Amino acid sequence: MARTQPAGAEAPPPVGTAAKPWDLARAPRIAVAKPRLVELSAALPYLRSIDATRTYSNFGPLNSQFETRLAAQFGLEPGHVATCNNATSGLTMALQRAAARGGRYCLMPAWTFAATAHAALAAGLTPYLVDVDPRTWALTPEIALEALPRISHGVAAIVPVAPFGLPLDAQAWDAFQAQTGVEVVLDAAAGFDALTVGRSVAVVSLHATKILGIGEGGFVISRDPDLIVDIRRRSNFGFDGSRDSSLIGCNGKISEFAAAYGLAALDHWKLQRAQYQSVLGYYRAALADLPDLRIAPGLGDDWMASTFNIEAPEAAILEIEARLGEAEIATRRWWGKGLHGHQAFRDLPRAPLPVTERLAATTLGLPCWPGLDTTAIDEISAVVRRVLTT
Ligand SMILES: *Cc1c(COP(=O)(O)O)cnc(C)c1O
């Protein structure tokens, strides 16, 4: 459609026009994320089976198969995974379980995505924000042990977060739970690739933006099958064989359609991982040996994620953000200013948060998605290199 009027003076487009001029004007040349899930043809055999089973939800055969294969992915027998319709509901159900045992607060790092706090609030707990380790960006048992005695009114649970998929020390958190009696729920939403599973429940997201995506979905995993039975009941209104709600829960189930896509995604997992590995590995090499630049330890080598964040001095990050913006290359401060920077969470109780505040100013997410080509990564890396070396 030819533009005959100056920008800003156009008449509104007719309702239903697919491409909106204001979207086109803002769409970056290189997006920050551009998920690619399995194609319909890969999911079709699984989807077709639904016509025959006439089972559409409520723990159908595709869901059972999906749970079994997810457990096997982490070296576990069936019965160690419960699917959920997103990681936020998985965290909520795990925290409902913790809340039922008493206590008012849920300890969590301020350096996380908003979902962690929403889940605790939905479970009737008050998030209590603590700081993270400057090297790994994660809450550690040491930080938690120091914070615990300063919190009165009881701590029902603690939610360590795997920042952007970084592997957490599951054994150390199991030991923390044994020592303190505080229920540990791991938010490993972005951790599908690198998660190690302990007795404490871990929750993984299968959102489209995560490394194994099915649109919306997630799962809860633990070495303790009794915990999984509890979560599965909570995901079905707290029912236990009868129609009596014996536990607090919600509708946290996935449909058979989601499970079909999940099975197809697992069939293609190796390819999906390799595609992220080629982007992350290329970035790592292109940005090697830059002064003042940090990338999460092992990312792109030992473990994969769907996001690529850099850490550099505050002034350099501002400059990189501005230069890339001028080149119409999108970036994202994925976790904003930390949880306490959100309007909904600004009054939550918290410990001093100097590391979180520094990370909010010194980290930036760069474009990362399957199919991002090396020309684009070269261009982005050249901007980062120029800012950090001049
Ligand atoms: C993505 C993410 C979530 C939310 O996952 P959903 O499946 O979208 O609910 C929670 N916590 C963290 C750390 C995340 O990165």
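All values reported here derive from a predicted model rather than from experimental measurement. Numbering of ligands and ligand atoms starts at 1, following listing order.
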Ionic contact status for Asp267 with Arg69, cut-off 4.0 Å: yes

Mode of Val161 contact toward ligand 1 - side chain, backbone, both, neither (heavy atoms, under 4.0 Å): side chain

Distance filter under 4.0 Å to Ala115 heavy atoms, resulting ligand 1 atoms: 3 (C), 4 (C), 10 (C)

Distance-only side-chain donor-acceptor flag, Asn63 / Thr83, under 3.5 Å: yes

Asp302, CG: over 12 other non-hydrogen atoms inside 6.0 angstrom: yes

Side-chain donor-acceptor contact under 3.5 Å, Thr92 with Arg234: no

Contact (N/O only, under 3.5 Å) between Ala87 and ligand 1: yes

Per atom 1 (C) of ligand 1, closest listed option by heavy atom (His118, Glu216, Lys210): Lys210

Nearest protein heavy atom with distance in Å, relative to atom 12 (C) of ligand 1: Ala189 CB, 3.4 Å

Phe164/Phe113 aromatic ring centres below 6.0 Å: no

Contact (N/O only, under 3.5 Å) between Asp187 and ligand 1: yes

For atom 7 (O) of ligand 1, closest protein heavy-atom neighbour: Ser205 OG, 2.7 Å

Structural part of Leu206 in contact with ligand 1, heavy atom criterion under 4.0 angstrom: neither

Backbone of Pro297 reached by a side-chain donor or acceptor of Trp303 within 3.5 Å: yes

Ligand 1 contact on Thr88 by region, counting heavy-atom pairs under 4.0 Å: both

Check ion pair Arg29-Glu328 (N to O, under 4.0 angstrom): no

Polar contact flag for Thr112 and ligand 1 (N/O pairs, less than 3.5 Å): no

